A.B. asks: 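Okay, handing you the structure first.
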Amino acid sequence: MTKTAERRPIADAAVHQVTAPPPVGGRRRRRLLDQARAYAFLLGGLLCFALFSWYPAIRAVVIAFQKYTPGSEPQWVGTANFTRVLHDPEFGAAWRNTLTFTLLALLVGFAVPFLLALVLNELRHAKAFFRVVVYLPVMIPPVVSALLWKWFYDPGAGLANETLRFLHLPTSNWSNGTDTALISLVIVATWANMGGTVLIYLAALQSIPGELYEAAELDGANLLQRIRHVTVPQTRFVILMLMLLQIIATMQVFTEPFVITGGGPESATVTVLYLIYKYAFLYNDFGGACALSVMLLVLLGAFSALYLRLTRTEGDTA
């Protein structure tokens, strides 16, 4: 027998000893340590959510059933806050304005970003430049953006009416008119927030296989037919998700009516969130403000549940 043959069992035993799996107790201990480290890293975020999101939400639900004024002892009043809010003359106007704003924002805020995404997707040059231009309004602070548009809508020396006068066209009251104030705010909100939506649509468009468009062209489809039969079906899930998210966001509109119109003229732009602000900080009625907040929470929770259901269904089918 050679020396190599004599040493082989020793080498095989050494390899077997090195590659032997660790004990079960050691694996369990290591897994527990990994989980403990993960939860330790998550602890900071969980504490922030608990302190600044969950606790205020739970506290608001409790105050909705109390007569609460800062500096005084809360008193349980049951559903009296909800009854008082429901009988407020501005309650119906606030919900009507909010729902109208949401509907107009969907019509304008869906069509404009989608069309811009289609145009950007067809560009062959300066794509990066135009993407930055489209996304630029998102980077402007919302209050600054609202102040700029407030000057733009000024019926006297505002840029909008000055431009109309230069073109010899009739001027408008814009945000100062009861008939035009709400649509003026919709334009502001669409301009300020469409950048992110355009980029999401653009990413969805670029994920569509080019072979589908080539097949449609071979079948003689024109541009509108390709958009209808290829683009829209391939991006329908993204469109639906963005529509639901837009409903949730636009029903919480506050900055534009607060900065530009102050809820006027004649309560034409009072929204639910602006009415909550008035109850809390103008009327000093935190119970009524929290009652309104709970109503809005229930409605937005329904849309959020629908969004989660649809995303989960799409994930299961994928």
Side-chain angles (χ1 to χ4, degrees), residues 47-102 105 141-151 153 175-178 181-182 184-186 188-189 192-193 247-304:
L47 288 176
C48 288
F49 273 107
L51 184 61
F52 298 107
S53 295
W54 301 333
Y55 172 74
I58 296 172
R59 183 65 175 153
V61 174
V62 174
I63 294 177
F65 298 93
Q66 295 177 335
K67 181 180 180 181
Y68 180 83
T69 303
S72 62
E73 188 70 21
Q75 299 176 2
W76 286 96
V77 294
T79 59
N81 290 326
F82 293 90
T83 303
R84 186 175 67 260
V85 167
L86 288 171
H87 288 86
D88 187 343
E90 281 193 315
F91 177 82
W95 281 101
R96 183 172 58 253
N97 293 336
T98 300
L99 295 176
T100 305
F101 184 93
T102 302
V143 175
V144 175
S145 175
L147 289 173
L148 289 173
W149 278 92
K150 184 177 182 179
W151 166 78
Y153 283 146
S175 59
N176 291 337
T178 55
L182 203 60
S184 299
L185 298 187
V186 170
V188 176
N193 301 304
I247 291 173
I248 296 172
T250 52
M251 292 198 69
Q252 302 177 72
V253 60
F254 173 76
T255 303
E256 289 82 6
F258 177 74
V259 176
I260 299 176
T261 62
E266 300 178 7
S267 300
T269 57
V270 171
T271 61
V272 174
L273 216 61
Y274 188 77
L275 187 59
I276 292 173
Y277 162 80
K278 291 179 68 174
Y279 266 93
F281 299 105
L282 298 183
Y283 307 154
N284 207 28
D285 182 2
F286 285 85
C290 290
L292 266 173
S293 300
V294 170
M295 295 179 189
L296 185 61
L297 173 66
V298 172
L299 183 60
L300 296 182
F303 283 111
S304 300

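Heads up: numbering here begins at 1 and tracks the sequence. These numbers come from a predicted model, not from an experiment.
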A.B. asks: Is the backbone N or O of Gly262 less than 3.5 Å from a side-chain atom of Tyr274, with the two atoms forming a donor-acceptor pair by type?
C.D. replies: yes
A.B. asks: Return the OG to CZ distance between Ser267 and Arg96, rounded to the nearest 0.5 Å.
C.D. replies: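 If we round to the nearest 0.5 Å, Ser267:OG and Arg96:CZ are 9.5 Å apart.
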A.B. asks: Specify whether Tyr277 and Phe258 have parallel, tilted or perpendicular ring planes, treating 30° as the upper limit for parallel and 60° as the lower limit for perpendicular.
C.D. replies: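 Aromatic pair Tyr277/Phe258 classed perpendicular.
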A.B. asks: Quick one: are Trp95 and Leu299 in side-chain contact, heavy atoms under 4.5 Å?
C.D. replies: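 Contact flag for Trp95/Leu299 side chains = yes.
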A.B. asks: Restricting to non-hydrogen atoms, name the atom on Thr271 and the atom on Val253 that form the minimum distance, rounded to 0.1 Å.
C.D. replies: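 Of all heavy-atom pairs spanning Thr271 and Val253, the closest is OG1-O, 3.0 Å.
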A.B. asks: Please confirm whether Arg84 makes a cation-pi placement over Phe91, using NZ or CZ under 6.0 Å from the six-membered ring centre and within 45° of the ring normal.
C.D. replies: no
A.B. asks: Checking Val186 against Phe101 for the side-chain contact (heavy atoms from CB on, under 4.5 Å) test, could you report, in this order, the C-alpha distance in whole Å, the side-chain angles of both residues, the deciding distance, and whether it holds?
C.D. replies: CA-CA 7 Å; Val186 170; Phe101 184 93; 3.6 Å; yes
A.B. asks: So, for Ile248 and Ser304, which heavy atoms are closest and what is the spacing to 0.1 Å?
C.D. replies: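 Taking every non-hydrogen atom into account, CD1-OG, 3.7 Å.
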A.B. asks: Got a second to check how far Met251's CE is from Phe303's CZ, nearest 0.5 Å?
C.D. replies: 6.0 Å
A.B. asks: So which heavy atom on Gly177 is nearest to which on Pro265, and how close?
C.D. replies: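 Nearest pair, atom of Gly177 first, then Pro265: C-CG, 3.7 Å.
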A.B. asks: Rounded to the nearest 0.5 Å, how far does OG1 of Thr261 lie from CG of Leu185?
C.D. replies: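 So the gap between those two atoms works out to 5.0 Å.
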A.B. asks: Testing the basics here: between Val85 and Met295, what is the closest heavy-atom pair and its distance to 0.1 Å?
C.D. replies: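 Heavy atoms only, the tightest pair is CG1-CE, 4.4 Å.
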A.B. asks: Between the main-chain N or O of Lys67 and the side-chain N or O of Asn81, is there a donor-acceptor pair closer than 3.5 Å?
C.D. replies: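 Answer holds: no.
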A.B. asks: Test side-chain contact (heavy atoms from CB on, under 4.5 Å) on Val62 and Trp76; report intermediate values, then the result.
C.D. replies: CA-CA 9 Å; Val62 174; Trp76 286 96; 3.9 Å; yes
A.B. asks: Between Ser175 (side chain only) and Ile260 (backbone N and O only), is there a donor and an acceptor less than 3.5 Å apart?
C.D. replies: no
A.B. asks: My understanding is that only one of Leu273, Ile276, Ile63, Val272 makes a side-chain contact (heavy atoms from CB on, under 4.5 Å) with Ser293; could you say which?
C.D. replies: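 Single pass found, and it is Ile276.
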A.B. asks: Show, in sequence, the C-alpha distance, side-chain angles and deciding distance for Glu266 and Thr178, and conclude whether the side-chain hydrogen bond (donor to acceptor under 3.5 Å, both in side chains) test is met.
C.D. replies: CA-CA 7 Å; Glu266 300 178 7; Thr178 55; 5.3 Å; no
A.B. asks: Quick check: closest heavy atoms across Tyr153 and Ser184, and the distance to 0.1 Å?
C.D. replies: OH-O, 3.0 Å
A.B. asks: Say you draw a straight line from OG1 of Thr102 to CD of Gln252; how long is it, rounded to the nearest 0.5 Å?
C.D. replies: 10.0 Å
A.B. asks: Hey, is the main chain of Tyr279 close enough, under 3.5 Å, to the side chain of Asp285 for a donor-acceptor pair?
C.D. replies: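 No, the answer is negative, given that no donor and acceptor are paired below the 3.5 Å cut-off.
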A.B. asks: Take Val294 and Phe82 through the test side-chain contact (heavy atoms from CB on, under 4.5 Å) and record every step on the way to the result.
C.D. replies: CA-CA 9 Å; Val294 170; Phe82 293 90; 4.3 Å; yes
A.B. asks: Roughly how far, to the nearest 0.5 Å, is the CG atom of Asn284 from the NZ atom of Lys278?
C.D. replies: 15.0 Å
A.B. asks: Quick check on Phe254: does its CZ atom have over 12 non-hydrogen neighbours (other residues, nucleotides or ligands) under 6.0 Å away?
C.D. replies: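 Yes - once you tally the heavy atoms of other residues, nucleotides and ligands closer than 6.0 Å, there are more than 12.
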A.B. asks: Quick one: closest heavy-atom pair of Thr250 and Ala105, and the distance?
C.D. replies: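 Minimum heavy-atom separation between Thr250 and Ala105: CG2-CB, 3.7 Å.
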A.B. asks: State whether the side chain of Thr269 and the backbone N or O of Gly263 hold a donor-acceptor pair below 3.5 Å, judged by distance alone.
C.D. replies: yes
A.B. asks: Is there a donor-acceptor contact under 3.5 Å from the side chain of Ser145 to the main chain of Pro141?
C.D. replies: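 No.
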A.B. asks: Nearest 0.5 angstrom please: Arg59 CZ to Tyr68 OH, how far?
C.D. replies: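 Separation between the atoms: 5.5 Å.
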A.B. asks: Between Cys290 and Val61, is the side-chain contact (heavy atoms from CB on, under 4.5 Å) condition met? List the steps.
C.D. replies: CA-CA 7 Å; Cys290 290; Val61 174; over 6 Å; no
A.B. asks: Is the number of heavy atoms from other residues, nucleotides or ligands under 6.0 Å of Phe49 CZ greater than 12?
C.D. replies: no
